Amino acid sequence: MNKNLIIYNTLTRKKESFKPQNPPLVGLYVCGPTVYSDVHLGNCRTFISFDLIYRYLLHLGYQVRYVRNITDAGHLEGDRDEGDDKFAKKAKLEKLEPMEIVQKYTIGFHDIMRLFNTLPPSIEPTATGHISEQIEMIKQIMNHGFAYEINGSVYFDVEKYSKTSHYTILTNRQLDDLLVNTRELSGQDEKKGRLDFALWIKAKPEHIMRWPSPWSIGFPGWHIECSAMSHKYLGDHFDIHGGGMDLAATHHTNEIAQSEACNHKQPAKYWMHTNMLTVNGARMSKSAGNGFLPMELFNGNHPLLKRGYSPMTVRFFMLQAHYRSTLDFSNDALDASDKGYKRLMNAVALLNKLKSSNQSDFDIQSIQERCYAAMNDDFNSPILISELFEIVRIINSIYDGKVQATEEDLKIIRKLIQHFVFDVLGLKEEEHQADDMGKIVDWIVQLRTEAKANRDFVTSDKIRIGLQALGIQLKDNKEETTWSKIN
RNA sequence: GGUCGGGUGGCCGAGUGGCUAGGCAGAGGUCUGCAAAACCUUUUACAGCGGUUCGAAUCCGCUCCUGACCUCCA
């Protein structure tokens, strides 16, 4: 098995050969969602990208421990120490307990992930389930002199840390510029330095989500949870840490600082960042009002959508772009992906009907090599997909009897489809023929075949056109009639 | 203002010095009772200007446009 995997590492801004520390084990940590509202499509892109990465690592034979957290506490509105907890705020709005909010949106998140056919992570820890680990870590950081307590809250001392470590290693910014250009925020008076960030925040009396600590009854800062949980499940120094690009400058920068201040080690060897989903060139976000909820996309119920698209179409659409590129969302782009995806799956459905010959008119070995080369080059799924369409052409040509294939090559084709279409890209057939409706359609198609055999084309056309109006498309071949659903 | 990206044919989107990306759309053809599908062939391209080079979409410089981050955000 070819394992010359190359990964782009944000730490070094270079593509590097992937060398896990303890092969075949791989530790992978990805920053998960904050479950105070529905995930939107942009969030989904990140998790689908890391699903591809996870799946390919598994395919290469690595034993991956994939940790993806659920943030269910700690976020403040506007990062002000006085701000409301997002969960408490949402709870007030929906007249629910904060933990009801957490439960509701965690379930919603899992439902969406399942629809997108992403594999569940090995461990999905929650921030509220790891308060004591976070407190322990804050203690360590204080012991090492990189944090200080004021009025029951604890802050990380960025200026002190940056004297011995490279605070802005992920973004390459100059600390002086940051000091000058960081916006003045209210509620920062008690911090020593304006770049300092909260590790522990003393709760105001009305604050519902609160825990005891050596400093005050309060709640943890946002960044510390990921550091504490990644450390607990993956150790001081694990292989890959990932997340959306928008997290690099703040969240990940602070994670690195906390982990180094605590453990004297850079927490991860490779940092991977996925790019944003855009709409009309601008980043999709809730505040901009251009965000789609996955369900809106599936059922087409949104002013910017002319129709709905299935989860697999959306997944395929996302995989047709590289994870480090922005991807622009549009109806036309989705339409194109929808047709491309159907074309791919139609060819896959023909696999078991192919007849072998004594020779092959194509070189499947070199296509196989190119598939691996594409994925080994920093998970280049668009190139992989272009190779798969090469295979689609071959499958269709064999089916049409225009190209010959040996039984051995057919086996390789079936294996490649299984490995890359299903295992790595994580696509699945949106089944239709197994259910009752499918049996009924099969029977109607059979009636039409009989009508055709009797040259009763009036009846056969009536059936074909009628089914089409109901969203079922027939395809006549020399030997049989197949059908598929259309949108 | 700072940091880091981008500008590729009608649309989406790969590609980083010479060799077809791919999908969708368009055109012609084959097949077919018709339709669809499929297959074959095929048109349209690298923001602008200058430079390096035998050769640049790809490297360098300048200009224009644009995005992300710097504030919670995948």
Side-chain angles (χ1 to χ4, degrees), chain A residues 10 13 30-34 36 39-50 75-80 83 86 168 170-174 176-178 180-185 222 242-251 253 273-278 281-287 291 316-317 320-322 324-344 346-347 350 370 374 380-390 392-393 395-397 399-403 452 455 457 460-461 464-465 468 473-478 481-484 486:
Chain A
T10 312
R13 279 168 281 279
V30 173
C31 291
T34 304
Y36 69 99
V39 286
H40 69 259
L41 205 63
N43 304 65
C44 294
R45 185 183 181 203
T46 292
F47 302 126
I48 288 171
S49 293
F50 279 106
H75 274 217
L76 296 173
E77 287 291 332
D79 195 30
R80 290 162 200 195
K86 279 182 180 173
T168 55
L170 273 182
T171 51
N172 205 30
R173 290 165 302 171
Q174 297 299 310
D176 293 344
D177 293 333
L178 272 186
V180 172
N181 291 306
T182 300
R183 290 187 204 178
E184 192 92 47
L185 296 174
W222 173 36
M245 262 180 196
D246 50 348
L247 297 180
T250 307
H251 181 52
T253 291
H273 289 99
T274 57
N275 216 321
M276 301 291 111
L277 188 66
T278 62
R283 176 187 166 196
M284 182 179 285
S285 72
K286 258 174 275 184
S287 53
F316 184 72
F317 163 70
Q320 275 186 302
H322 188 258
R324 279 191 293 112
S325 300
T326 54
L327 171 61
D328 203 48
F329 175 97
S330 69
N331 279 289
D332 289 346
L334 262 299
D335 282 341
S337 290
D338 185 49
K339 291 194 180 172
Y341 170 68
K342 289 204 167 87
R343 181 157 170 244
L344 174 64
N346 284 341
L350 295 177
R370 291 204 297 272
N380 198 325
S381 53
I383 295 285
L384 169 63
I385 288 172
S386 79
E387 298 299 341
L388 292 176
F389 274 109
E390 190 62 34
V392 165
R393 183 162 293 132
I395 291 172
N396 287 327
S397 300
Y399 185 67
D400 276 3
K402 288 174 182 161
V403 159
K452 265 177 65 181
R455 302 196 67 79
F457 296 125
S460 84
D461 283 356
R464 175 172 56 73
I465 294 162
Q468 179 147 20
Q473 181 131 83
L474 302 188
K475 292 167 215 163
D476 290 338
N477 271 295
K478 285 166 203 151
T481 298
T482 58
W483 61 272
S484 59
I486 50 179

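Chain identifiers are assigned alphabetically (A, B, ...) following the order of the sequence lines, protein sequences preceding nucleic acid strands; residue numbering begins at 1 within each chain. Quantities reported herein were computed from a predicted structural model and do not represent experimental measurements.
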Handout entry: Nucleotide paired to B:rU3 in any strand shown, Watson-Crick or G-U, under 3.5 Å
Key = B:rA68
Exercise for the section: Looking only at side-chain atoms of A:Asp461, point me to the closest of B:rC24, B:rA74, B:rG33. Expected result: B:rG33
Problem - N/O (side chain, A:Ser325) to phosphate O (OP1/OP2, B:rA14) under 4.0 Å - result: yes
Practice task
Using a heavy-atom cut-off of under 4.0 Å over every strand shown, decide if A:Ser49 touches base, sugar-phosphate, or nothing.
Solution key: nothing
Practice task
Could you work out the separation of B:rA25 and B:rG18 based on their C1' atoms and round it to a whole Å?
Solution key: 31 Å
Exercise for the section: Among B:rG22, B:rC70, B:rA74, find the nucleotide with the atom closest to the side chain of A:Ala249. Expected result: B:rC70
Exercise for the section: Specify the separation, in whole Å, of atom CG of A:Leu170 and atom P of B:rG5. Expected result: 14 Å
Exercise for the section: Using both distances under 3.5 Å as the test, list the Watson-Crick or G-U wobble partner of B:rG9, or none. Expected result: none
Handout entry: Pairing partner of B:rU16 (Watson-Crick or G-U wobble, both distances under 3.5 Å)
Key = none
Practice task
Would you state whether a donor and an acceptor, one from the side chain of A:Asn380 and one from the base of B:rG15, lie under 3.5 Å apart?
Solution key: no
Exercise for the section: Searching all strands shown, indicate the nucleotide that pairs with B:rA45 (Watson-Crick or G-U wobble; both distances under 3.5 Å). Expected result: none
Exercise for the section: Determine the Euclidean distance between corresponding C1' atoms of B:rC39 and B:rA56; express it in Å to zero decimal places. Expected result: 36 Å
Practice task
Using the P atom as the reference point in each nucleotide, state the distance between B:rG9 and B:rG29 in Å, no decimals.
Solution key: 29 Å
Fill in the blank from the handout: From CZ of A:Arg45 across to C1' of B:rC12 the rounded distance in Å is 12 Å
Problem - Salt bridge present between A:Lys342 and A:Asp338 (N-O < 4.0 angstrom) - result: yes
Handout entry: Whether A:Tyr341 and A:Phe316 hold their rings parallel, tilted or perpendicular, with breakpoints at 30° and 60°
Key = tilted
Fill in the blank from the handout: Quick note, A:His322 side chain, CB onward, closest among B:rC12, B:rA14, B:rA38 is B:rA14
Handout entry: ring centroid sep under 5.5 Å plus plane angle under 30, A:Phe457 with B:rG33
Key = yes
Problem - Distance between C1' atoms of B:rU63 and B:rU43 (Å, rounded) - result: 33 Å
Completion exercise
Here the gap from A:Leu344 atom CG to A:Ile385 atom CD1, rounded to the nearest 0.5 Å, amounts to 8.0 Å
Practice task
Using atom CG of A:Leu384 as one end and atom C1' of B:rG15 as the other, report the distance to the nearest whole Å.
Solution key: 16 Å
Handout entry: Nearest-nucleotide pick for A:Asp328, side chain only, options being B:rC12, B:rG33, B:rC39
Key = B:rC12
Exercise for the section: Tell me whether the OP1 or OP2 atom of B:rA74 has a side-chain N or O from A:Asn275 closer than 4.0 Å. Expected result: no
Completion exercise
Rounded to whole Å, NE2 of A:His40 lies from P of B:rC72 at a distance of 17 Å
Fill in the blank from the handout: A:Ser397 has its side chain closest, among B:rA14, B:rC39, B:rA35, to B:rC39
Practice task
Could you state the atom-to-atom distance from CZ of A:Arg324 to C1' of B:rA14 in whole Å?
Solution key: 13 Å
Practice task
Would you tell me if any nitrogen or oxygen in the side chain of A:Asn43 comes within less than 4.0 Å of OP1 or OP2 on B:rA74?
Solution key: yes
Practice task
Would you mind reading off the distance between A:Lys342 atom NZ and B:rA37 atom C1', rounded to a whole angstrom?
Solution key: 13 Å
Problem - Whether over 12 other heavy atoms sit under 6.0 Å from A:Arg455 CZ - result: no
Exercise for the section: Grab the CD1-C1' distance between A:Ile383 and B:rC12 for me, whole Å please. Expected result: 15 Å
Practice task
Can you check whether any acceptor in the base of B:rC34 is under 3.5 Å from a donor in the side chain of A:Arg464, or vice versa?
Solution key: yes
Practice task
Measure from CG on A:Leu277 to P on B:rG67 and round the result to the nearest Å.
Solution key: 16 Å
Practice task
Could you please name the partner base of B:rC39, counting Watson-Crick and G-U wobble pairs only when both distances are under 3.5 Å?
Solution key: B:rG29
Problem - side-chain N/O A:Lys339 vs B:rA25 OP1/OP2, d < 4.0 Å - result: yes
Exercise for the section: Quick one: pull up OG1 in A:Thr326 and CZ in A:Arg283 and give me the separation to the nearest 0.5 Å. Expected result: 12.5 Å
Practice task
Report yes if a side-chain nitrogen or oxygen of A:Arg343 is closer than 4.0 Å to either non-bridging phosphate oxygen (OP1 or OP2) of B:rG23; otherwise report no.
Solution key: yes
Practice task
Check if the side chain of A:Thr326 and the base of B:rG6 share a donor-acceptor pair of N or O atoms closer than 3.5 Å.
Solution key: no
Exercise for the section: Would you tell me if any nitrogen or oxygen in the side chain of A:Arg393 comes within less than 4.0 Å of OP1 or OP2 on B:rA21? Expected result: no
Completion exercise
Smallest heavy-atom separation, A:Arg45 atom then A:Leu327 atom, equals NH1-N, 3.4 Å
Problem - A:Pro382, nearest nucleotide to its side chain (from B:rA21, B:rC24, B:rC39) - result: B:rA21
